[in-house]
Enquirer: 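Have a look at this one before I ask anything.
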Amino acid sequence: MEEQIQAASVRVFIALAPPDEAKEELARELAPAYEAYPRMRWNRIQDWHITLAFLGELPVATVPLLRPPLAALAARRRPVRLALRGGGHFDERVLWSGIDGDLEGLHLLATEVRAAVEECGVPFEGRPLRPHLTLARSRRSDHSSAVEAAAGLAAFTGRPWQAERLHLVGSNFSRGPGPIRYRDIEAWEFAAGDGTAAP
């Protein structure tokens, strides 16, 4: 179901989301870190996602241009089989869980998503894909929590799952100290299958 966007502009990205069972499995693994590092800014479990293309701040009027090509892309692609595995950090501040499974298929999907965006004439910074699931951010004065929490995830290996939908996600800039909130603008189911492109 589509979300109505009220603001003049919205921060947009295209992503995959793990199923609830995979997120709950990781949340159980994170329980000691939640307790040990309460001052970290933990992302809500419902906001966990794997970004395929970050488009940045777009005028709301631009967003509908993305819908037809993304819908068509999802309709001809089969689900990608992935798993959550291990953990790490960016710059000692951003805690993440790693992605395992069909990484070749994931990179191919990201390439196709980015090509669809470019065909719409929507400019974006095409950074190399580094598949991960952002979990939390530590405060600027905290140089140890994310590092220690990542070490606690080192042995984690989640059960495999299939990414069933392609998500077009929006979020207005967060002005407060808390984490940014996300919501689906729209999501499209992939064709059923084994994770390879449909003929």
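What you see is a predicted model; the values in this text were computed from it and never measured.
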Enquirer: Look up atom NE2 in His143 and atom OG in Ser141, then write down how far apart they are to the nearest 0.5 Å.
Expert: 7.0 Å
Enquirer: Quick check: is Leu135 connected to Val94 through a chain of hydrophobic side chains (ILVMFWY, heavy atoms under 4.5 Å apart)?
Expert: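 The answer is no; the residues belong to distinct hydrophobic clusters.
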Enquirer: Could you tell me if the side chain of Val63 sits less than 4.5 Å from the side chain of Val10, heavy atoms only?
Expert: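 Counting from C-beta outward, Val10 and Val63 do come under 4.5 Å.
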Enquirer: Output the distance between atom CD (Glu186) and atom CG (Leu166), rounded to the nearest 0.5 Å.
Expert: 10.5 Å
Enquirer: Which value, rounded to the nearest 0.5 Å, describes the distance between Trp48 atom CH2 and Gln46 atom CD?
Expert: 10.0 Å
Enquirer: Show the numbers, then the answer: is there a side-chain contact (heavy atoms from CB on, under 4.5 Å) between Arg93 and Arg41?
Expert: CA-CA 10 Å; Arg93 291 195 58 222; Arg41 293 181 292 171; 3.6 Å; yes
Enquirer: If you compare all heavy atoms of Leu95 against all heavy atoms of Ala149, which two are closest, and at what distance to 0.1 Å?
Expert: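 So the minimum-distance heavy-atom pair works out to CD2-CB, 3.7 Å.
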Enquirer: The criterion is salt bridge (charged side-chain N to carboxylate O under 4.0 Å, His left out); which residues satisfy it with Asp142, sequence neighbours excluded?
Expert: none
Enquirer: Are Phe13 and His49 an aromatic pair by the rule of ring centers under 6.0 Å?
Expert: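 Yes.
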Enquirer: Measuring from Leu168:CG to Trp188:CH2, what's the distance to the nearest 0.5 Å?
Expert: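 One gets 4.5 Å once the value is rounded to the nearest 0.5 Å.
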Enquirer: Quickly, which of Ile185, Val113, Leu55 forms a side-chain contact (heavy atoms from CB on, under 4.5 Å) with Leu66? Name it, please.
Expert: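 For Leu66, the side-chain contact (heavy atoms from CB on, under 4.5 Å) check succeeds only for Leu55.
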Enquirer: What class does the angle between the rings of Trp42 and Tyr34 fall in, given that below 30° is parallel, 30 to 60° is tilted and above 60° is perpendicular?
Expert: perpendicular
Enquirer: State, to 0.1 Å, how close Asp102 and Val80 come at their nearest heavy-atom pair, and which atoms those are.
Expert: O-CG1, 3.7 Å
Enquirer: What I'd like to find out is whether the side chain of Val122 reaches to under 4.5 Å of the side chain of Glu119, using heavy atoms alone.
Expert: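 A side-chain contact under 4.5 Å is absent here.
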Enquirer: Please find the pair of heavy atoms, one from Ser9 and one from Glu57, that lie closest to each other, and give the distance.
Expert: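 Closest approach of Ser9 to Glu57: OG-OE2, 2.5 Å.
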Enquirer: Counting distance only, does the side-chain N/O of Asp184 pair as donor-acceptor with the main-chain N or O of His167 below 3.5 Å?
Expert: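 No, Asp184 side chain to His167 backbone: no donor-acceptor pair under 3.5 Å.
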Enquirer: Side chains of Phe190 and Leu16, heavy atoms from C-beta outward: is any pair under 4.5 Å?
Expert: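 Yes; the side chains approach each other to less than 4.5 Å.
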Enquirer: Considering non-hydrogen atoms only, spot the tightest contact between Arg165 and Ala187 and give its length.
Expert: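 Nearest pair, atom of Arg165 first, then Ala187: CD-CB, 4.4 Å.
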Enquirer: Would you say Glu25's side chain and Arg159's backbone share a donor-acceptor pair under 3.5 angstrom?
Expert: yes
Enquirer: Evaluate His132 against Phe90 for ring-ring contact (aromatic ring centres under 6.0 Å, His included), listing each step before the verdict.
Expert: CA-CA 11 Å; His132 68 280; Phe90 297 132; 5.0 Å; yes
Enquirer: Assigning hydrophobic clusters by single linkage (Ile, Leu, Val, Met, Phe, Trp, Tyr; side-chain heavy-atom cutoff under 4.5 Å), is Leu52 placed with Leu58?
Expert: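 Leu52 clusters together with Leu58.
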Enquirer: Do Val169 and Arg183 come within less than 4.5 Å of each other through their side chains, counting heavy atoms only?
Expert: no
Enquirer: Check whether any side-chain heavy atom of Arg28 sits under 4.5 Å from a side-chain heavy atom of Glu24, and report yes or no.
Expert: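 Touching, per the 4.5 Å side-chain cut-off.
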Enquirer: If we only count heavy atoms from C-beta on, is the Arg114 to Leu129 side-chain gap below 4.5 Å?
Expert: yes
Enquirer: Are Arg127 and Phe54 side-chain neighbours, meaning at least one heavy-atom pair lies under 4.5 Å?
Expert: no
Enquirer: Of the non-hydrogen atoms in Ala83 and Pro160, which two are nearest, and what is the gap between them?
Expert: CB-CA, 4.0 Å
Enquirer: State, yes or no, whether a side-chain contact exists between Thr62 and Val12 at a heavy-atom distance under 4.5 Å.
Expert: no
Enquirer: Could you please spell out the steps behind the side-chain contact (heavy atoms from CB on, under 4.5 Å) verdict for Leu26 and Ser97?
Expert: CA-CA 9 Å; Leu26 177 56; Ser97 176; 4.0 Å; yes
Enquirer: Given the rule that I, L, V, M, F, W and Y join up when any side-chain heavy atoms are under 4.5 Å apart, are Met40 and Trp96 in one cluster?
Expert: no
Enquirer: Could you give me the CA-CA distance, side-chain angles and deciding distance for Ile50 and Leu82, then say whether side-chain contact (heavy atoms from CB on, under 4.5 Å) is met?
Expert: CA-CA 11 Å; Ile50 303 164; Leu82 302 171; 4.2 Å; yes
Enquirer: Which other residues end up in the same hydrophobic cluster as Val147, if Ile, Leu, Val, Met, Phe, Trp and Tyr are linked when side-chain heavy atoms come under 4.5 Å apart?
Expert: none
Enquirer: Identify the heavy atoms of Pro64 and Pro68 that sit nearest to each other, and give their distance.
Expert: O-CD, 3.3 Å
Enquirer: To the nearest 0.5 Å, tell me how far Ile45 CD1 sits from Asp20 CG.
Expert: 7.5 Å
Enquirer: Working to the nearest 0.5 angstrom, can you tell me the gap between Leu109 CG and Leu103 CG?
Expert: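 One finds 12.5 Å between CG of Leu109 and CG of Leu103.
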Enquirer: Is there a side-chain contact (heavy atoms from CB on, under 4.5 Å) between Arg139 and Arg39? Walk through the geometry before answering.
Expert: CA-CA 8 Å; Arg139 301 179 188 280; Arg39 287 183 51 78; 3.2 Å; yes
